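Here is the structure we will look at.
Computed from a prediction, not measured in an experiment: that's the story for all the values here.
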There are 2 protein chains.
Amino acid sequence: MSDEQRGRPSASVHRVGGPLGDLQAPQDNPATPRRRADAVRNRAQILAAAEQLFTEHDPRTITMDRIAKAAGVGRATLYRSFPDPSSVAVALLDEHERRLQGQLIYGPPPLGPGAPPAERLSAFYLAMLDLLERHLPLALGAEVGPDRYTTGAYGFWRVHVRTLLVEGRVSDPDALIDIVLSPLAPELFRFQRHGMGLSRDRIASSLTGLARRLIPPG
Amino acid sequence: MSDEQRGRPSASVHRVGGPLGDLQAPQDNPATPRRRADAVRNRAQILAAAEQLFTEHDPRTITMDRIAKAAGVGRATLYRSFPDPSSVAVALLDEHERRLQGQLIYGPPPLGPGAPPAERLSAFYLAMLDLLERHLPLALGAEVGPDRYTTGAYGFWRVHVRTLLVEGRVSDPDALIDIVLSPLAPELFRFQRHGMGLSRDRIASSLTGLARRLIPPG
DNA sequence: GGGGTAAGTGGACTCTGTGTCCGCTTAGCA
DNA sequence: TGCTAAGCGGACACAGAGTCCACTTACCCC
């Protein structure tokens, strides 16, 4: 069974892929026999229950057992779809991230193509900030160990940022990509926002300022 | 028993403290009865064994049990000094970080006082990169959950960076501190260095470039 | 130097979560 | 309506966390 079917999106899906990889549901693949109705229903129950759990409790306390209990399914059923709690969060987060990914490629400027790279980077920062603001528990739940960098979504952000950096004529863009993305780490956002009590706007201003300095206008 | 004695350095130790907090050993405190020789010996054994474990194995697989076994002590003895594996790594890392902390305050420029803030920030980036390069396993082992931001050492780096940002006349320095520090996350360094195969020098160049752009010369 | 005392020690024990296995159920199809 | 295998879920074994308590021994005092 592929990783995608098991809930943890494979890197290739978002990695770059022409038209956004496969945005359609997995079962559209003719090679896949067709998923049973009860399995589909269970998966939906799991996702719904998990979203609530992650939102209402400390993401680090969410175990496979709790998710299964909350979804009203057995442990093995849960394991059939997801290997661990963070992959459930990743799947959930995925839906929200895909919308942004679509906007980055096809949407209107400054998020989409057409605006100067510095402005697009600023817009990207702001959009990611919104994503974090709205779905912080999921973003935190999706972070287990070095998962942040191996997740398909991170690969997508990398490709996007790289494009902007190249377009902006910075030197050695490849060495700068992950530095540009580092202020968007969920754990960091949480610390700034709730530990330090910074407002969304102050963080946003700092990030747009950073974008402006990183990519010289022109 | 204080946190410091239990291995996890309290925030105040590094936070800023006049002469570097208390750099001398804990037992110099007259209020502390005096530690028994066997306890001191055990602690040293634990640290030595743990350093080797963290260096030679995946930091995430290091358990309290393994450390105790490797050090030749019982589990409870280990728990007496450290609450979890990451705090052992923190204690180990601490020794190396204190040297750098001393240099930042008392050392010669550009690391210490005297150089323009942009240059001092660059020097700080390079020194931190060296620390990561040399002690990456410990740095990774010290990272469990949101510990990065609650550790005493992180507080020290914050104070230092804040000073430089204020001196460099950037707008809203407090919102920029953690953004400036974010590219130094151990997990990120690991990804850049070993996942992406970037050389130390390319990362260094990107960071010094970043420092130059963030703090305008003058 | 010997005895008292409390700090220190270490193994055993419980608890929680993980991951797998296997017999039962039931959806999908002919 | 009956067949078949995908899907299901409880049970099980295992690993690591954290605690407890009876034993040991370093240190202090006489």
May I have the step-by-step check of side chain to side chain donor-acceptor pair (under 3.5 Å) for B:Tyr125 and B:Asp130, ending in yes or no? CA-CA 9 Å; B:Tyr125 270 147; B:Asp130 276 340; over 6 Å; no

Walk me through whether B:Ser199 and B:Asp201 qualify under side chain to side chain donor-acceptor pair (under 3.5 Å). CA-CA 5 Å; B:Ser199 69; B:Asp201 281 355; 5.5 Å; no

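When heavy atoms are screened at a 4.0 angstrom cut-off, A:Thr63 is found touching the sugar-phosphate backbone but no base atom. As judged by a 4.0 angstrom heavy-atom cut-off over every strand, B:Ala39 is placed among residues touching the sugar-phosphate backbone only.
One interatomic measurement links the two molecules: CZ of B:Arg80 to C1' of C:dA6, which rounds to 10 Å at whole-angstrom precision. A:Phe82 has its CZ atom 15 Å from the P atom of C:dT18, to the nearest Å. Distance B:Leu78 CG to D:dG16 C1': 13 Å, rounded to the nearest Å. Distance B:Asp84 CG to D:dG16 C1': 13 Å, rounded to the nearest Å. Taking atom CE of B:Met64 as the reference point, atom P of D:dT19 lies 10 Å away to the nearest angstrom. Note: CZ (B:Arg60) to P (D:dG16) measures 15 Å, nearest angstrom.
Nearest to the side-chain atoms of A:Tyr79 among the listed nucleotides D:dG9, C:dG19, D:dC8 stands C:dG19.
Residue whose closest nucleotide on DNA chain C sits further toward the 5' end, between A:Ala76 and A:Asp65: A:Asp65. Nearest-nucleotide assignment on DNA chain D puts the 5′-proximal partner with A:Asn42, out of B:Arg66 and A:Asn42. Between B:Arg41 and B:Ile62, it is B:Ile62 whose nearest contact on DNA chain D lies nearer the 5' terminus.
In this structure a side-chain-to-backbone donor-acceptor pair under 3.5 Å is missing from B:Thr151 to B:Arg148.
Proximity of B:Thr77 to the phosphate of C:dG8: no side-chain N or O atom is located under 4.0 Å from OP1 or OP2.
A:His160 places a side-chain heavy atom less than 4.5 Å from the side chain of A:Leu164. Here the side chains of B:Leu214 and B:Val170 are not in contact, with every heavy-atom distance at 4.5 Å or above. Between A:Leu184 and A:Trp157, the closest side-chain pair of non-hydrogen atoms is not below 4.5 Å. Side-chain contact check for B:Thr77 versus B:Arg80: every heavy-atom pair is 4.5 Å or farther apart.
For B:Arg75 against C:dG11, no side-chain N or O and base N or O form a donor-acceptor pair under 3.5 Å.
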Paired and unpaired positions of DNA chain C as dot-bracket, Watson-Crick or G-U wobble under 3.5 Å, | denoting a partner strand: ||||||||||||||||||||||||||||||

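Contacts between residues 48-59 of chain A and DNA chain C, defined by a heavy-atom separation below 4.0 Å, involve no residue at all.
By the neighbour-count criterion of 12 heavy atoms within 6.0 Å, atom CD of A:Glu133 is densely surrounded, having more than that number from other residues, nucleotides or ligands.
For the pair B:Ser87 and B:Phe82, the tightest heavy-atom approach, listed with the atom from each and the gap, is OG-CB, 3.4 Å.
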